[in-house]
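Encoded as structure tokens, the structure appears first; notes follow it.
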Amino acid sequence: MIKILLIYTGGTIGMVRGESGELQPFNFDSLLEQVPELKQVPCEIDTFSFEQPVDSSVMKPSHWVQMAEIVRDRYNDYDGFVILHGSDTMAYTSSALSFMLENLRKPVILTGAQLPIGMLRSDARENILTAMEIASARTSEGEPAVPEVAIYFEYTLFRGNRVYKYSSQSFDAYDSPNYPFLAESGVDLQIYHDRILHQDNGQLSVHTNLETNITLLHFYPGLDRDVIEHTLLRGNRKAVILHTFGAGNAPMESWLDDAIREAIANGTQIINVTQCRAGGVDQWKYAAGAHLARLGVISAGDMTLESTLTKAMVLLGEGWEGSEFRIKFEQSLCGERSN
Ligand code: ASP
């Protein structure tokens with residue numbers, strides 16, 4: 001029988017109201033009691049709970065490391081993994097895990113809920129049950145049907161490093177404009193097999209060294225020169241991610257170019273990712289992007305911000321630097337970019 005490890009990290013899915021009315025993480029056993037249908041899922045389920053379940057806005061890279069280590073340490077004991085997680089930063093975790101779990105050949109499906117499981121209109125039950133079904137699904141050859149890190153939410157399965165949370169209100173809280181859904185659940189569960197990633201390059205290799213001396217420079221009209229120079233030049237950053245306009249455009253100011261040039265000379269990787277959620281960076285399209293390309297700024301292509309940040313953390317943590325970092329970053333490692 002298929003064996004799945006169900007990992008609880010926290011989030012609304014398992015929360016209850018505290019004394020002053022705000023939602024707080026609750027204990028895993030009570031959460032399981034709310035889903036008696038789990039006993040009917042045709043697989044053997046073991047559970048593991050974070051000692052201290054957290055709201056996902058509290059999560060840090062060390063929590064991703066904890067999740068990656070749980071998967072690594074139990075990889076041979078289970079056919080798949082389902083991670084219950086807060087929805088706020090789930091796309092960061094799924095992106096990070098996709099890069100940390102190199103050569104993954106088993107499903108790691110994250111899910112959560114917009115309403116706590118104890119509430120009448122909660123979306124939690126369906127999300128957990130279908131996530132379990134996806135983690136257990138096999139191809140006609142008996143192989144795992146979705147051997148990648150993915151998020152299942154509100155009838156849709158998304159690639160973990162292509163998805164972002166776009167709504168704090170809708171049950172369908174996620175979207176993945178640059179990559180089609182991996183599966184949809186209706187009367188039947190429809191898995192789009194031709195969209196699934198297959199990594200056949202050998203043994204699972206788990207990267208747990210993450211570089212966190214990285215920061216984000218979010219451009220907006222009127223952003224102060226001091227802030228830009230400070231972000232680029234102070235703190236000996238390993239990488240600064242420019243969160244730019246449109247196709248990767250930023251103000252054409254000689255002082256900005258000088259600061260980027262100096263940061264690159266100091267060994268800081270400068271990466272360009274767009275604020276647009278659909279489409280991507282094409283630095284040569286406009287003069288406002290080409291000045292960045294000429295300086296050696298790395299394009300994140302059509303990657304999400306979540307993927308850009310976590311991919312940089314993992315690659316820098318592994319020790320990639322200089323032009324080798326750029327070459328690696330500009331490749332698709334696990335389906336995170338198409339250009
Ligand atoms: N604040 C919650 C969290 O991310 C929201 C949720 O789970 O939906 O943990």
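Excluded from the calculations below are hydrogen atoms, water molecules and symmetry mates; all remaining heavy atoms, backbone and side chain alike, are included. Indexing begins at 1, ligand by ligand and atom by atom, following the structure's order.
Taking the six-membered ring where the residue is Trp, F158 and F181 present perpendicular rings, their angle passing 60° and hence far from 30°.
Remark: Y8 engages F28 in a ring pair (Phe, Tyr, Trp, His ring centres under 6.0 Å) (not counting sequence neighbours). Remark: R72 engages no residue in a side-chain hydrogen bond (donor to acceptor under 3.5 Å, both in side chains) (not counting sequence neighbours). In this structure, Y179 has no ring pair (Phe, Tyr, Trp, His ring centres under 6.0 Å) partners at least two apart in sequence or on a different chain.
Cation-pi contact between K106 and Y75: present, with separation from the ring centre below 6.0 Å and deviation from the ring axis of at most 45°.
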Test log, rule side-chain contact (heavy atoms from CB on, under 4.5 Å), inputs H85 and M59
CA-CA 10 Å; H85 194 291; M59 290 232 177; 3.4 Å; yes
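Protein neighbours of ligand 1 below 4.0 Å, counting non-hydrogen atoms: G11, T12, D55, S56, G86, S87, D88, A113, Q114.
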